[in-house]
Amino acid sequence: MAKLFRAVIMGPPGSGKGTISERIAQRFGLTRLSSGDFIRENIAANTDAGVLAKTYIERGLLVPDHVMTRLLLPRLEEMTRHSWLMDGFPRTLAQAEALNSTCDLDLVISLNIPYETLKERLSDRWIHPASGRVYNMGFNPPHVQGRDDISGEPLIQHDDDKPEALVARLRHYKDVAKPIIDLYKSKGILHTFSGTETDRIWPYINSLLSTKIPMEGTHRTQRPCTRGY
Ligand SMILES: Nc1nc2c(ncn2[C@@H]2O[C@H](COP(=O)(O)OP(=O)(O)OP(=O)(O)O)[C@@H](O)[C@H]2O)c(=O)[nH]1
Ligand SMILES: Nc1ccn([C@H]2C[C@H](O)[C@@H](COP(=O)(O)OP(=O)(O)O)O2)c(=O)n1
């Protein structure tokens, strides 16, 4: 059995999940799976799940568990021979339990970032909608203000990145994330990182993963993700 490594990254809105996931994918060669990007692809492709998901997202609601599970677990089934890092799923205990019934996770990274930092980051976040590429006027600004570095297309800000929306999103995140964090803590696979700067947190995540991700040549058996939901 080829060596496999599967991980999840969790954190409140603006905590740096996408930023750190990209670094992990590049540094360790894992496939980055973003549930948000996957939902947007389905919405753009007008799939049944995408059309349904859109009706919730447009109202600022989380997509129901059964829709998310139906969307994502077949995607994971395609990844049985790949190591991956998932961002944005699971978001609820039901999603975590559905994931646990199909995959053995090796590690969960939980980002613990102060509210004021989240507020500041999200107010400076600009996004290229078509690609999901993320910029920050203070942290990683685009070469041309308001324009995506690759396509040159305009950048936008999400309405729910505004400070007045963040309080509710943060409260909701804390409510839904706590049982998931407790679950992974009980499994002994949770690793929490606190701080206000990604560049200061990154070395700790990098060194943790360097000890956890199997090197070439080491073999471990692992139950592949199978359709168990
Ligand atoms: N100033 C500053 N901005 C950062 C830092 N790390 C990430 N950012 C920016 O903060 C914003 C949020 O980072 P993301 O990686 O999008 O965070 P996320 O957890 O994926 O956010 P959601 O998708 O909303 O859950 C982006 O604009 C990042 O470029 C940092 O250390 N300092
Ligand atoms: N497990 C998930 C993942 C994403 N969603 C929703 C939440 C967002 O409105 C969209 C896009 O997710 P994305 O992770 O890109 O956005 P946020 O992290 O919530 O800012 O999908 C969900 O309802 N359930």
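Indexing begins at 1, ligand by ligand and atom by atom, following the structure's order. All residue numbers refer to positions in the sequence shown, counting from 1. Nothing here was measured: the structure is a model prediction, and the numbers come from that model.
- In summary, the side chains of T47 and N42 do present a donor paired with an acceptor at a separation below 3.5 Å, with no hydrogens or angles considered.
- Among V67, I39, L72, the residue whose heavy atom lies nearest to atom 4 (C) of ligand 2 is I39.
- Geometrically, R171 does not engage Y173 in a cation-pi contact, judged by NZ or CZ lying under 6.0 Å from the ring centre and within 45° of the ring axis.
- Considering each of T19, D124, T196, I201, the one bringing a non-hydrogen atom nearest atom 28 (C) of ligand 1 is T19.
- Residue contact check for ligand 1: W126 places no non-hydrogen atom closer than 4.0 Å to it.
- We find that D148 and R133 are joined by a salt bridge, their nearest charged nitrogen and carboxylate oxygen being less than 4.0 Å apart.
- For R40, every heavy-atom contact with ligand 2 shorter than 4.0 Å involves the side chain, none the backbone.
- The G36 neighbourhood of ligand 2 comprises atoms 11 (C), 12 (O), 13 (P), 15 (O), with distances under 4.0 Å to a heavy atom of that residue.
- Taking atom 24 (O) of ligand 1 as the reference point, the nearest protein heavy-atom neighbour is R125 NH2, 2.8 Å.
- Residue contact check for ligand 2: S35 places a non-hydrogen atom closer than 4.0 Å to it.
- Within the 4.0 Å heavy-atom criterion, the part of R169 lying near ligand 2 is the side chain and not the backbone.
- Ligand 1 has S15 within reach: a non-hydrogen atom of the residue lies less than 4.0 Å from it.
- At a heavy-atom cutoff of 4.0 Å, ligand 2 is contacted by both the backbone and the side chain of L62.
- Between Y135 and ligand 1, at least one N/O pair is under 3.5 Å apart.
- Of the polar atoms of G138, none of the N or O atoms is found under 3.5 Å from an N or O of ligand 1, judged by distance alone.
- Protein heavy atom closest to atom 18 (P) of ligand 1, with residue, atom name and distance, is K17 N, 3.5 Å.
- Taking only nitrogen or oxygen atoms, main chain and side chain alike, G88 reaches within less than 3.5 Å of ligand 2.
- With a 4.0 Å heavy-atom cut-off, ligand 1 is reached by the backbone of P12 but not by any atom from C-beta on.
- Using a 4.0 Å cut-off between heavy atoms, R23 makes no contact with ligand 1 at all.
- Among protein heavy atoms, the minimum distance from atom 9 (C) of ligand 1 is reached at N136 ND2, 3.6 Å.
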